[in-house]
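Hydrogens, waters and symmetry mates are skipped; everything else that's a heavy atom, side chains included, is used. The sequence lines fix the lettering, A, B, ..., with proteins before strands; numbering per chain opens at 1.
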Amino acid sequence: MTQSGIVFFAVLDNPNDSPENLAGAVKALRAAGPVTLTVLTPRELTADEADRFSRCGAASVEAIVAPSMATSPGETASRVLVEKYGASVGLFATHMSIAGNETVAKIALATGGVFSSAASGVESADGHWITHHGVFGGEWATAWSHPHSSSLGLTLDPQPAELSSDQTPLTVHHFTVPEGELRTRITDSEPRVRKSSRPALNRAKVVVSGGRGVGSAEAFGLIEALADHLGAAVGASRAAVDSGYADKALQIGQTGVTVTPDIYIAVGISGAIQHKAGMQSAQYIVSINTDELAPLHDIADLVIVGDLFEFLPKLMDQLR
Amino acid sequence: MTEIVVLVKQVPDTWEPRGLDRRSGFVDRGAAQPVLDEINERAIEVANSLRANHGGTIYAVTMGPHSAESALRRALAMGCDEAIHVSDDCLAGADAILTARALAAAVATVNPDLVVAGNRSTDGAVGVVPALVADLLGLAYLGNLDEVTLTDTALSGLRAEEHVHLRVATSLPAVVSVTELSKEAVIPNFMGLMKAKKKPLTAYSLSDLGLDQANTRSQLVSAAKRESRRGAGETMPADEAAAARLVAGLTERGIL
């Protein structure tokens with residue numbers, strides 16, 4: 001039995017699921033067929049929220065009010081979506097995230113389908129979904145086909161697009177998961193503090209990144225000062241994080257964040273393969289290092305050989 | 001607590017070059033020296049500390065080719081008591097769902113109170129297999145935990161999502177996945193390595209576990225390596241001229 005419906009599901013108040021990002025997701029999926037945008041929420045939507053979701057360009061828009069989204073979002077999301085759409089939908093998608101990957105994979109399993117993650121685009125051709133991905137920090141571009149005879153659970157890289165001036169009417173449904181059937185619950189939450197004045201690493205146009213050469217957590221302040229002057233995000237190599245100079249959240253590389261900025265300024269970073277994997281698709285790479293033969297220099301556009309503690313003040317002088 | 005399972009995986013060494021097998025689109029696992037995935041060392045330490053407080057037997061379970069046995073012996077050296085190896089030619093290039101089916105079937109032979117996994121592997125790095133294993137076994141699931149705490153039969157943890165930390169709770173039996181922050185990695189000592197050679201290791205094929213022949217449904221259509229950067233870069237000593245060049249580069253690109 002071939003199912004051809006496409007559902008993109010979002011979670012209310014999830015930062016990835018801004019209306020602009022949802023518009024971008026609908027746009028990426030539209031090439032494969034008409035898209036239903038479904039918003040999962042623990043409470044009724046405000047008029048303003050309903051208005052914005054209705055202008056994401058979807059063919060139909062549904063809000064599902066399920067109170068247990070507040071305490072057991074993962075279990076609730078997969079349960080609700082499989083019950084409501086399992087028989088009719090061929091492609092379930094959401095934005096890539098820890099929770100998004102888990103939920104979509106569970107839906108794929110429950111509907112006898114396949115799971116694919118981190119797609120940038122989708123098409124439908126010859127009875128197959130074709131998904132496009134960048135692998136290894138964009139080093140490889142791959143395309144996969146998945147037969148329509150299996151459902152497909154997919155996560156997408158968020159990409160924003162403009163909201164439409166046209167509105168698609170939004171319908172509201174209510175869903176209650178019986179209390180005894182939920183096995184996990186959230187008992188507390190704390191936002192992860194990020195200096196909101198700096199851009200998020202994975203979206204930043206400019207990244208200034210420090211490595212083991214920086215030498216100490218105090219000296220990492222030099223990296224932060226340069227970044228702040230340029231309106232940049234701050235990153236770190238694994239060696240710097242392991243040495244305690246910077247927080248794990250700043251780590252760029254194979255086991256950290258992948259960045260795709262216009263400018264990447266590496267300070268005291270030798271450029272191990274696992275670091276390069278996280279930043280090699282930057283447009284303009286600058287490296288400041290005492291070692292002229294550092295591996296990072298194989299891919300750098302501008303190599304500045306010398307002591308960062310002498311050079312950075314000179315650079316800051318010229319920037320002011 | 002009677003039984004704990006730790007899911008482990010053998011992967012290419014992170015610090016060596018990776019490749020992509022053009023034919024299958026899968027990470028070329030032949031390209032570098034295979035090792036026990038680092039995150040598993042932390043999962044094993046989580047299991048060790050739970051066993052220290054609550055007792056139990058720890059099983060290391062893996063799905064992989066014959067060479068994955070060395071990863072299991074390493075897990076045994078780090079504190080696991082027994083090992084289970086699912087190995088079958090049909091599992092080559094298995095996707096997340098097929099991997100989860102194979103692992104779940106192996107875990108079901110033990111019937112544990114708790115399954116501990118790393119949050120994601122360094123090859124593939126999707127992180128959904130533990131969630132799928134939980135669903136296949138009908139177990140509760142808490143994933144991506146920076147902390148895990150067990151009291152009698154209640155399990156709680158600190159889940160790290162991109163923008164928020166969540167305090168979460170469930171009861172046993174359950175599956176958890178843990179992050180790099182959960183525990184320090186175990187370093188096996190000489191005694192551990194010696195004992196590991198004698199600990200029991202059981203191997204299963206797919207048919208031993210009552211699973212059907214695998215069929216891969218997703219196919220790689222194309223894989224193109226992007227032009228790798230030529231090192232056309234300019235090298236300068238770190239003086240005022242270099243500072244000026246960098247400033248000019250930033251200005252040209254609209255940053256200044």
Tell me, for A/Ile263 versus chain B, whether the close heavy atoms (under 4.5 Å) come from the side chain, the backbone, both or neither.
side chain

Please flag which part of B/Leu166 lies under 4.5 Å from any non-hydrogen atom of chain A: side chain, backbone, both or neither.
both

Who passes salt bridge (Lys or Arg N to Asp or Glu O under 4.0 Å) against A/Asp228, sequence neighbours left out?
A/Arg198

Short N-O contact, B/Lys183 and B/Glu147, less than 4.0 angstrom
no

Starting from the C-alpha separation in whole Å, work towards a yes-or-no answer on side chain to side chain contact (heavy atoms under 4.5 Å, CB included) for A/Trp129 and A/Leu91.
CA-CA 9 Å; A/Trp129 310 105; A/Leu91 198 167; 3.6 Å; yes

Region of A/Ala108 that comes under 4.5 Å of a non-hydrogen atom in chain B:
both

Let me know if A/Ser117 has heavy atoms under 4.5 Å from chain B in its side chain, its backbone, both or neither.
side chain

Determine, for A/Lys205 against A/Asp262, whether the closest basic-nitrogen to carboxylate-oxygen distance falls under 4.0 angstrom.
yes

Just checking heavy atoms, which of residues 311-320 of chain A are less than 4.5 Å from chain B?
A/Phe311, A/Lys314, A/Leu315, A/Gln318, A/Leu319

Output yes when A/Glu75 and A/Lys106 qualify as a salt bridge under the 4.0 Å nitrogen-oxygen rule, no when they do not.
no

Are B/Arg120 and A/Glu102 ion-paired here, with the side-chain N under 4.0 Å from a carboxylate O?
no

Just to verify, which of A/Asn101, A/Asp157, A/Asn16, A/Asp17 counts as forming a side-chain hydrogen bond (donor to acceptor under 3.5 Å, both in side chains) with A/His95?
A/Asp17

Assess the residue pair A/Trp144 and B/Ser222 against the criterion (side chain to side chain contact (heavy atoms under 4.5 Å, CB included)); give the C-alpha distance rounded to whole Å, side-chain angles, the decisive distance to 0.1 Å, and a yes or no.
CA-CA 7 Å; A/Trp144 286 80; B/Ser222 66; over 6 Å; no

Is it true that B/Glu38 and B/Arg74 make a salt bridge, defined as a side-chain N closer than 4.0 Å to a carboxylate O?
no

Who wins among B/Ala169, B/Ala140, B/Ala242, B/Ala131 for the most heavy-atom pairs under 4.5 Å with chain A?
B/Ala169

Side chain, backbone, both or neither: which part of B/Leu132 has an atom under 4.5 Å from a heavy atom of chain A?
both

Test side chain to side chain contact (heavy atoms under 4.5 Å, CB included) on B/Val86 and B/Thr62 and set out the steps.
CA-CA 6 Å; B/Val86 183; B/Thr62 201; over 6 Å; no

Given heavy-atom pairs under 4.5 angstrom as the criterion, report whether the side chain, backbone, both or neither of A/Lys248 touches chain B.
side chain

Toward chain B, the part of A/Glu310 with a non-hydrogen atom under 4.5 Å
neither

Counting only non-hydrogen atoms closer than 4.5 Å, does A/Val286 touch chain B with its backbone (N, CA, C, O), its side chain (CB onward), both, or neither?
side chain

For B/Leu139, which atoms come within 4.5 Å of any heavy atom of chain A: side chain, backbone, both, or neither?
backbone

